[in-house]
There are 2 protein chains.
Amino acid sequence: MGDAAVERVSPVDRERRAEIADLLEQLAVLAVRQLGRRDISMTAASALGRLAREGPARLTALAADEGVSQPAMTQLVQRLTKQGLMARVADPDDGRAVLVSITDAGRRLLAERRRDRVARLSDLLAALPPEDQTTLAAAVDSAAPALRRLVAAATDLGGRSAPPAG
Amino acid sequence: MGDAAVERVSPVDRERRAEIADLLEQLAVLAVRQLGRRDISMTAASALGRLAREGPARLTALAADEGVSQPAMTQLVQRLTKQGLMARVADPDDGRAVLVSITDAGRRLLAERRRDRVARLSDLLAALPPEDQTTLAAAVDSAAPALRRLVAAATDLGGRSAPPAG
DNA sequence: TATTGTTATACTCTATAACTATA
DNA sequence: TATAGTTATAGAGTATAACAATA
């Protein structure tokens, strides 16, 4: 389905879409393996980032955004709260609900992870021929806004891999 | 360190490196969440891909390439063998060693995953304004070879996150 | 002795099912 | 009844340590 829907209108032909999809997969592996840290999980880092950007959220909303089940998010929040990276308060407007927020320690951890990521990417880039570095810089300059919209659109669509909420 | 080493010679300035690092992280999350499947793990898919591209390999070599411990790879190969996606034969030249290969079913699974990935990316691209699609296509055209060299260089460096071999 | 791989054990992260408490 | 969240339980995936077999 993903195909016929696009075939007639897309300025990006089929072969190029396949090329992009393959590159994205390899870049994802690279990002996780070479730029990632193993101190907290990808879901944990992503949830912390969301709380840092958008403020406190309900546990259910976090679970939906991160594409994991509610029990999984309950446990994630428990772990990160124990580590001092998140904090939980009861929702004053709804006795059933919990509001989760990021702590200062959580923000510091995110900043530290970002520094690591940039440093490791710098090492990878430095190993490339200068022409490649120039090419990549130019491509990023031209494509960054479109890439950000791609990421935003994907996030809005909601994690397709999200399990049913209950 | 990753910084000072590059600062003087890189054609990519510090701010742009940070931008690339951030984009890569978000793209990785997007690729895993929106383009990925949960039938097998990222490590399993990557190991299968390696066997498909480069032929049979020793278990130790696979573990090193995928950045996991030898026991983890033993168990991964056991699981995938039980699922019929990999096969194991004794190395005729070394009584200690095992040669792992991909089966036809494994190749079919990889092909299926790739089709899914392309279809899902097509849906994501279709949700973007046509100008963005054109921009991304042009950027990929110009940057794809450099990106492939980046991935290759990173792979050669060996998973930084690889645990000690034993 | 060194290398290849397995077994034993434990921890993280995830899911589904069953439950409690509030709306 | 429906929603928000927790507890119980189980499986995948990972690590380290200790082991067996071969080089």
Side-chain angles (χ1 to χ4, degrees), chain A residues 29 32-33 36-48 56-83 85-101 109 159-166, chain B residues 29 32-33 36-48 56-83 85-101 109 159-166:
Chain A
V29 172
V32 170
R33 294 260 175 85
R37 282 166 53 142
R38 293 183 173 177
D39 48 356
I40 61 176
S41 67
M42 191 182 75
T43 304
S46 177
L48 276 178
R58 284 193 178 187
L59 198 142
T60 300
L62 269 186
D65 284 4
E66 301 305 330
V68 300
S69 67
Q70 208 172 61
M73 188 51 69
T74 292
Q75 294 189 25
L76 174 62
V77 171
Q78 281 171 352
R79 285 195 302 273
L80 295 186
T81 299
K82 199 179 304 180
Q83 295 174 52
L85 304 172
M86 286 183 176
R88 297 166 39 123
V89 296
D91 185 332
D93 300 334
D94 187 336
R96 301 166 301 177
V98 168
L99 287 178
V100 183
S101 57
L109 180 65
R160 125 203 112 59
S161 44
Chain B
V29 172
V32 169
R33 295 261 173 84
R37 283 166 51 142
R38 293 185 173 176
D39 49 356
I40 60 177
S41 68
M42 191 182 76
T43 303
S46 177
L48 276 178
R58 285 193 177 187
L59 197 143
T60 301
L62 269 186
D65 284 4
E66 302 304 329
V68 301
S69 67
Q70 211 172 56
M73 188 51 69
T74 292
Q75 294 189 27
L76 174 61
V77 171
Q78 281 170 352
R79 284 194 303 274
L80 296 186
T81 299
K82 199 179 303 179
Q83 295 174 53
L85 304 173
M86 286 183 177
R88 297 167 39 124
V89 296
D91 185 332
D93 300 335
D94 188 336
R96 301 166 301 180
V98 169
L99 287 178
V100 184
S101 57
L109 180 66
R160 129 204 110 58
S161 44

Using atom [atom1] of [X] as one end and atom [atom2] of [N] as the other, report the distance to the nearest whole Å.
| X | N | atom1 | atom2 | answer |
| --- | --- | --- | --- | --- |
| B/Gln70 | D/dA18 | CD | C1' | 14 Å |
| A/Leu62 | D/dA4 | CG | P | 13 Å |
| B/Met42 | C/dT14 | CE | P | 14 Å |
| B/Leu76 | D/dA15 | CG | P | 11 Å |
| B/Leu59 | D/dA20 | CG | P | 20 Å |
| B/Arg96 | D/dT22 | CZ | P | 10 Å |
| B/Leu99 | D/dT22 | CG | P | 16 Å |
| A/Gln83 | C/dC11 | CD | P | 15 Å |

| Considering heavy-atom distances to DNA chain C, does A/Gly95 or A/Ala44 have its closest nucleotide positioned more toward the 5' end? | A/Ala44
State, yes or no, whether a side-chain contact exists between [X] and [Y] at a heavy-atom distance under 4.5 Å.
| X | Y | answer |
| --- | --- | --- |
| A/Leu80 | A/Val100 | no |
| B/Asp39 | B/Gln83 | no |
| B/Val77 | B/Val98 | no |

| request: For DNA chain C, find the residues of residues 86-94 of chain A with a heavy-atom distance under 4.0 Å and give them by number; none if there aren't any. | output: A/Asp94
| Bend angle of the helix from C/dT1-D/dA23 to C/dA23-D/dT1, end axes from five pairs each (to 10°) | 10°
| query | Does a donor on one side chain and an acceptor on the other come within less than 3.5 Å for A/Glu66 and A/Thr43? | reply | no
Side chain of [X], heavy atoms from C-beta onward: which of [options] has the nearest atom to it?
| X | options | result |
| --- | --- | --- |
| B/Arg58 | C/dG5, D/dA12, D/dT6 | C/dG5 |
| B/Ala97 | D/dG5, D/dA15, C/dG5 | C/dG5 |
| B/Arg38 | C/dA15, C/dG5, D/dA2 | C/dA15 |
| A/Ala72 | C/dT14, C/dT4, D/dA15 | C/dT14 |
| B/Arg79 | D/dA12, D/dT16, D/dA21 | D/dA12 |

Please tabulate, one pair per line, each protein N/O and nucleotide N/O from nucleotides 7-10 of chain C that are separated by under 3.5 Å, including the distance.
none

Interatomic spacing from [atom1] in [X] to [atom2] in [Y] - rounded to 0.5 Å:
| X | Y | atom1 | atom2 | value |
| --- | --- | --- | --- | --- |
| A/Leu48 | A/Leu76 | CG | CG | 8.0 Å |
| B/Gln78 | B/Leu59 | CD | CG | 9.0 Å |
| A/Ile40 | A/Leu109 | CD1 | CG | 5.0 Å |

| remark: Correct closest heavy-atom pair for B/Ser69 and B/Ala63 would be O-CB, 3.9 Å
| field | Nearest heavy-atom neighbours spanning B/Gly67 and A/Arg38 | value | O-NH2, 3.6 Å
May I ask you to evaluate whether [X] reaches the phosphate of [N], defined as a side-chain N or O under 4.0 Å from OP1 or OP2?
| X | N | answer |
| --- | --- | --- |
| B/Thr60 | C/dG5 | yes |
| B/Ser41 | D/dA12 | no |
| B/Thr43 | D/dG13 | no |

| field | Residue of the set A/Asp93, A/Asp94, A/Asp65 for which salt bridge (charged side-chain N to carboxylate O under 4.0 Å, His left out) holds with A/Arg58 | value | A/Asp94
